[in-house]
Amino acid sequence: MTLLNTENTWAFVFGLLGNVISFAVFLSPVPTFYRIWKKKTTEGFQSLPYVVALFSATLWLYYATQKKDVFLLVTINAFGCFIETIYISMFLAYATKPARMLTVKILLLMNFGGFCIILLICQFLVKGATRAKIIGGICVGFSVCVFAAPLSIIVSTN
């Protein structure tokens, strides 16, 4: 496996551009978490967007195990897992007890239970290229959820 696949220059350029954009998206909550850290309170912010983003990045890393030449995919999602874990840790440190308990429940249900179910089903019931297609479809679905999760604030304010 080569470190960087530059056989298809355009695919590499767009992959690199995607990583730059994803890097910015992963870092976009920094002002929010600076505010949380400074005020020592989550001020009613929700943890769902960060839990979903962690789940999505973890799924993309699993997808990467099924493919070749995925250096860019691995690097950005490893960074995503790292930064989302920091966000969730800070949220847990400063959240009220009910918000903390809800976050832990969602985290365990989605990032442990959900991931284990997807991993077991895909590893034992699906083979070869079909496995990568199914995992890829699941990843795309959760990537859409990453962008939709911040909309959860609309539901919580009504």
Side-chain angles (χ1 to χ4, degrees), residues 3-5 11-67 69-123 134-158:
L3 187 59
L4 294 174
N5 183 4
F12 177 75
V13 167
F14 282 105
L16 198 56
L17 180 61
N19 272 21
V20 169
I21 292 167
S22 295
F23 185 78
V25 169
F26 281 130
L27 290 179
S28 64
V30 166
T32 299
F33 280 90
Y34 177 73
R35 184 171 151 183
I36 288 171
W37 173 76
K38 192 173 179 182
K39 293 186 175 188
K40 308 292 188 230
T41 179
T42 57
E43 300 180 322
F45 287 113
Q46 302 294 316
S47 63
L48 186 63
Y50 314 107
V51 174
V52 172
L54 176 62
F55 185 55
S56 178
T58 305
L59 282 173
W60 279 113
L61 287 174
Y62 174 50
Y63 173 76
T65 66
Q66 308 300 310
K67 305 295 279 179
D69 299 320
V70 290
F71 179 75
L72 293 175
L73 185 63
V74 169
T75 55
I76 194 59
N77 286 293
F79 174 75
C81 286
F82 175 74
I83 198 74
E84 296 301 333
T85 300
I86 291 172
Y87 294 154
I88 293 166
S89 298
M90 284 183 67
F91 186 91
L92 291 172
Y94 297 117
T96 62
K97 186 173 182 177
R100 186 178 313 121
M101 298 312 295
L102 179 63
T103 299
V104 169
K105 286 177 188 175
I106 294 170
L107 195 59
L108 289 173
L109 182 68
M110 184 179 287
N111 291 357
F112 181 73
F115 181 77
C116 286
I117 289 169
I118 291 169
L119 180 99
L120 291 171
I121 288 172
C122 288
Q123 284 299 121
I134 289 172
I135 298 166
I138 294 168
C139 288
V140 168
F142 276 99
S143 290
V144 169
C145 291
V146 167
F147 292 100
L151 298 175
S152 66
I153 194 163
I154 293 171
V155 174
S156 66
T157 59
N158 289 331

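The residues of the chain are indexed from 1 along the displayed sequence. Below, each value reflects all heavy atoms present in this structure, side chains not excepted, and no hydrogens, waters or symmetry copies.
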For this session: For side chain to side chain contact (heavy atoms under 4.5 Å, CB included), just list the numbers for Ile121 and Ile134, CA-CA rounded to whole Å, side-chain angles, deciding distance to a tenth of an Å, and then say yes or no.
Result: CA-CA 10 Å; Ile121 288 172; Ile134 289 172; over 6 Å; no
Problem set entry | Donor-acceptor pair, side chain of Asn19 and main chain of Leu72, under 3.5 angstrom | yes
Problem set entry | Euclidean distance, Ile138 CD1 relative to Cys122 SG, rounded to 0.5 Å | 4.5 Å
For this session: For side chain to side chain contact (heavy atoms under 4.5 Å, CB included), just list the numbers for Ser22 and Phe79, CA-CA rounded to whole Å, side-chain angles, deciding distance to a tenth of an Å, and then say yes or no.
Result: CA-CA 10 Å; Ser22 295; Phe79 174 75; over 6 Å; no
Exercise. Do the side chains of Val140 and Trp60 get nearer than 4.5 Å, heavy atoms only?
Worked result: yes
Exercise. Taking side chain as C-beta onward, heavy atoms only, is Phe26 less than 4.5 Å from Ile76?
Worked result: yes
For this session: Taking all heavy atoms of Thr103 and all of Ser47, pick out the closest pair and write down the distance.
Result: OG1-OG, 2.7 Å
For this session: Can you tell me which residue pairs pass the ring-ring contact (aromatic ring centres under 6.0 Å, His included) test with a partner in residues 81-114, sequence neighbours excluded?
Result: Phe33-Tyr87, Tyr50-Tyr87
For this session: List the atom of Cys139, the atom of Tyr63, and the distance in Å for their closest heavy-atom pair.
Result: SG-CB, 3.9 Å
Problem set entry | Gap separating the CG atom of Leu59 from the CD1 atom of Ile118, nearest 0.5 angstrom | 5.0 Å
Problem set entry | Residues Leu61, Thr65; criterion side chain to side chain contact (heavy atoms under 4.5 Å, CB included); working and verdict | CA-CA 7 Å; Leu61 287 174; Thr65 66; over 6 Å; no
For this session: Please confirm whether the backbone N or O of Phe71 pairs with a side-chain atom of Thr75, one donor and one acceptor, at under 3.5 Å?
Result: yes
Exercise. Could you state the interatomic distance from CD1 (Ile83) to CD1 (Ile88), rounded to the nearest 0.5 Å?
Worked result: 11.0 Å
Exercise. Regarding Lys40 and the six-membered ring of Trp37, is the cationic atom NZ or CZ under 6.0 Å from the ring centre and inside 45° of its axis?
Worked result: yes
Seminar exercise, completed: The reported gap from CZ in Phe12 to CG in Asp69 (rounded to nearest 0.5 angstrom) is 11.5 Å
Exercise. Taking the side chain as C-beta and beyond, is there a heavy-atom pair between Phe115 and Met110 under 4.5 Å?
Worked result: no
Problem set entry | Nearest atoms (heavy-atom pairs only) where Ala64 meets Val70 | O-CG2, 3.6 Å
Exercise. Under the side chain to side chain contact (heavy atoms under 4.5 Å, CB included) criterion, do Leu54 and Val51 qualify, and how do the steps go?
Worked result: CA-CA 5 Å; Leu54 176 62; Val51 174; 5.8 Å; no
For this session: Identify the heavy atoms of Ala95 and Arg100 that sit nearest to each other, and give their distance.
Result: O-NH2, 2.7 Å
Problem set entry | Contact check, side chains of Glu43 and Ile36, non-hydrogen atoms, under 4.5 Å | no
Exercise. Got Tyr34 and Met90 here, is their nearest side-chain heavy-atom distance under 4.5 Å?
Worked result: no
